[in-house]
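We count ligands from 1, going down the list as the structure has it; atoms in each ligand are counted the same way. Position 1 is the first residue of the sequence, and the numbers go up from there.
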Amino acid sequence: MTRKTLRNRTLCAASLMALVSGSTAWAQSMTDVQSVAKERGLSTAELLAAAKTFTPTGMKDEYVIFSSGGHSGQVFVIGVPSMRLLRTIAVFTPESWQGWGFGVGNEILDEGNVSGKENRWGDTHHPALSETNGDYDGEWLFINDKSNARIAVIDLRDFETKQIVKNPLFINDHGGAFVPPNTEYIFQTAQYNVPWGADYAPMSEYKDNFRGAVTMWKFDRKKGRIDKEKSFAIELPPYWQDIADCGKLVSDGYFFLNSINTELATGGIEQKKPPFEAGVSMNATDYLHIIDWKKAEKVYQAGRTTEIKGFPVIPLDVAIEEGLLHLTPEPRSPHGVDVAPKGDFIVVSGKLDPHTTIYSFDKINKAIASKNFSGEDEFGVPVLDFDSVVEAQVEVGLGPLHTQFGPDGYAYTSLFLDSAVARWTLGGQYGSMNPEPDWTLVQKTPVHYNIGHLGAAEGDTVSPDGKYLVAYNKWSVDRFVSTGPLLPQNFQLLDISQQGTEMPVIYDMPMGIGEPHYAQIIKADKLKPWAVYPEIGWDPMTQSVDPYAPRPKMERVERKGEHEVEVYMTSVRSHFTPEHVTVKQGDKVTWRITNTERAIDATHGFSIPVYNITLSLEAGETAKIEFIADTAGTFPFYCTEFCSALHLEMMGYLMVEPNE
Ligand code: RUQ
Ligand code: CUA
C-alpha cells in the first residue's frame, strides 16, 4: 500500500468520526462520507455502526471472544468490536497450520483416544475461562467435546492445548465445561445416557442400567493440568443432563444443572414408538438439579465412593442420604441455566415455554433447610416445591435458550424461535436503573437467524461489563454471498451500551469454519500471552526448557546403534542446520528441531513429504518428532511459513537410502 492510500484511509476514518460527533470542521470530508454512503446505500445508523466497529490498522480490539467451534473440534479467537478472527486453536482435531497432530501434539490427541481407538475430531460446545473470585483471570481455557465426553485444557500463555481427558463413565456430555468462581474443578455432565463406560445393555433396561452423572475434574493450577487422581463423579438419575452453571458469591459451592427426558423415553420411531423429539418432551416440567458440590467434595474425601470403571463415584443413594442433591421442577424442555452476577438468582429457560423462570437461591436454601419437599422423583431424589423456590417468571418470547447479564440490572435472553435477543430487568436490586423490584421485558432486537447462545462482555461473571453482546446465530440464510448449500453461521454484534431501549445490530460476521455454540467474551487486557517463548529450546508441552533441545553449533546427525538415528537441527531465517539428513531405510528417526529466533512473529514451519509431518515452530520453540524411515527416496523438507525474502530457499533434503 502506498503512503497516499494510507493517508486517505486515515482521513476517511477521521471524517466518519466527525460525522458521529456532529463536527463541521471536516465539511469537505463529510461530503465524501455522504457520497460514499449514498453510493453504497448506507443510512446514518449504518454509518454510525461502521464508526463503532471499524478498527483502523494498528488499533487493537477491546474484547476477545473465545468461541467453541462445534464439530470442527476447535476454538476460535475473535476480536470485539472489529469481529476479526484472530486465530483458531486446534483442540480435538488435527490442524496443519498450527502443526497440531502431524508430528507434534499426537500424545495429547492420543490421551483423547476412546476405547483404544484414535479419535481425531470433537464437538466443542462450552468454553470456560478460568476464574478467580468469579471473574475471568485470563489464564486457562477449558472446553468439552460432546461427541466423546472429553475435556481439554488450553494454556492462554501460548493459546495451545495441553491436555485432553476422556471421561471413563460416559460417552457423551453437554453440561461442560463449567468452572466454579475459583476454578477448583471443571464440571462435566453426561447427556445421552449409557450404562457405565458405554458398556452394552438393551434399551429395555434403560431405567435400571443407564446412568446419569456429573464429573468433578480437579484442576491443578500450578501444573496447569487436570489431576485425575483427585477427581470424582456423582451418580445422577438417567435423565439427559443438559447445560449447567456454577453458583457464585452467595451461591458459591452450588452447581445448577438442567435436564430433559425426565420421561426416560427411549425412542424407536422404526417400531412406531414416539420419536425422541416427542418422547422426551411430554412432561410439563423437567428437573433442575441443585448440587452442593462442596459437600460432595467432603463426601468424596471421606471415601464414601464406589469405584466404577476405575473412577470414584458417589452413588446416588449416598448423594441423597448426604443431602447434596436436590431437584426442583423447571418448565418443559429446559435448555439454559444461568446464575445472575450476585449469585442470588438462577435463570432457567424452557425451549417450549415463552418465559424465563427465575429461582431464588435464598428460597432454595430455605427449602432445603426446612425440607420443604413436594415429594421425590422415581429414584428417591427429594424434589423442592416449585412455588417455594421461584422468584418470578418473565414472558420474553418464543424459544428462550440462554441468558447473560449486564452491569446495569439487565438480563439478555436468546430467543431461538423468535430469532431475537430480549432484554429484561432482573429484579430491583441490580444497579440504579431499576430501583423497584421489577421483572419486565424491556426490548427485543431481531437477529438473523435462529440464535443459539449469546454472549455479553464478561456477561457470566460477578462483574459483567455490558457494552457489547454477540448473537451466535445458527443460520445466515440470505445475509452473505452464497457459498453453496453449506452456509456460514452468523455472529451479530449488538451495541447494548444504551440503557434506554435501543440495542442495534452493528456488525455481521460470517463464521465459515465451524458451528459455534457457546462463547465467552473477556476484556483483552486480562490476557497476558507470551510474545515469544521465554527461552530458546522451550518445549510447549511441558512449558519449560527441554535439556535435549538442539542449540546453535550443536547441530548434528548422530547414528545410535544399527537402526537408530538422531537429528539435532536448528532453524533461523533463512536456513535449517543441517541441510542434508541421510538415513537408511528402516531407521528409527528421532528428529529434534529448535527455532532459535527471538523476534516476535518469527515462526518457521517444517514439513517432510510422504511422512505426513508438518510443524509450526514459534520463536524459541523446540519440537521432537519420531518416525520410521520406511520409504526410501529423496525428500525435500522446507519451511512452510513465509518467514523472509529467502523463505523459498529455507529447505534441505532428507535422503533415505534404500535397503539392498
Ligand atoms: S448448546 S444453543 Cu450450549 Cu450445546 Cu445451547
Ligand atoms: Cu522459515 Cu519460511
Exercise for the section: Counting heavy atoms only, name the option from His335, His453, His517 that's nearest to atom 3 (Cu) of ligand 1. Expected result: His453
Handout entry: Presence of N, O or S from Thr640 under 2.8 Å of atom 1 (Cu) of ligand 2
Key = no
Problem - Centroid-centroid distance, Tyr611 to Trp591, less than 6.0 Å - result: no
Fill in the blank from the handout: Note: ligand 1 atoms sitting under 4.0 Å from heavy atoms of Gly452 are 2 (S)
Exercise for the section: Determine which of the N, O or S atoms in Glu641 is closest to atom 2 (Cu) of ligand 2 and give its atom name. Expected result: O
Exercise for the section: Would you mind running through ligand 1 and noting each atom that sits below 4.0 Å from a heavy atom of His174? Expected result: 1 (S), 3 (Cu), 4 (Cu)
Problem - N-O pairing of Asp145 and Arg150 below 4.0 Å - result: yes
Practice task
Could you pull out the closest heavy-atom pair between Val91 and Gly73, with the gap in Å?
Solution key: CB-O, 3.4 Å
Exercise for the section: Take atom 1 (Cu) of ligand 2 as the vertex and measure to ND1 of His604 and SG of Cys639; round to 10°. Expected result: 120°
Completion exercise
Of all the N, O or S atoms in His647, the one nearest to atom 2 (Cu) of ligand 2 is ND1
Fill in the blank from the handout: Here the gap from Tyr653 atom OH to Glu579 atom CD, rounded to the nearest 0.5 Å, amounts to 10.5 Å
Practice task
Please confirm whether Tyr472 and Phe491 have ring centers closer than 6.0 angstrom.
Solution key: yes
Practice task
State the atoms of ligand 1, each with its element, that fall below the 4.0 Å cut-off from a heavy-atom position in His126.
Solution key: 1 (S), 3 (Cu), 4 (Cu)
Practice task
Report the relative orientation of the aromatic rings in Phe187 and Tyr185; use parallel for angles under 30°, tilted for 30 to 60°, perpendicular for over 60°.
Solution key: tilted
Fill in the blank from the handout: When every non-hydrogen atom of His125 is compared with those of Ser68, the smallest separation belongs to O-OG, 3.2 Å
Exercise for the section: Under 4.0 Å from a heavy atom of Ile243: give me the atoms of ligand 1 that qualify, with their elements. Expected result: 3 (Cu)
Problem - Heteroatom N/O/S of Cys643 within less than 2.8 Å of atom 2 (Cu) of ligand 2 - result: yes
Problem - Short N/O/S contact of His125 with atom 5 (Cu) of ligand 1 (below 2.8 Å) - result: no
Problem - Proximity of Lys146 to ligand 1 by residue part, where a heavy atom lies under 4.0 Å - result: neither
Completion exercise
Tightest non-hydrogen contact, residues Lys444 and Leu415, listed as CD-CD1, 3.6 Å
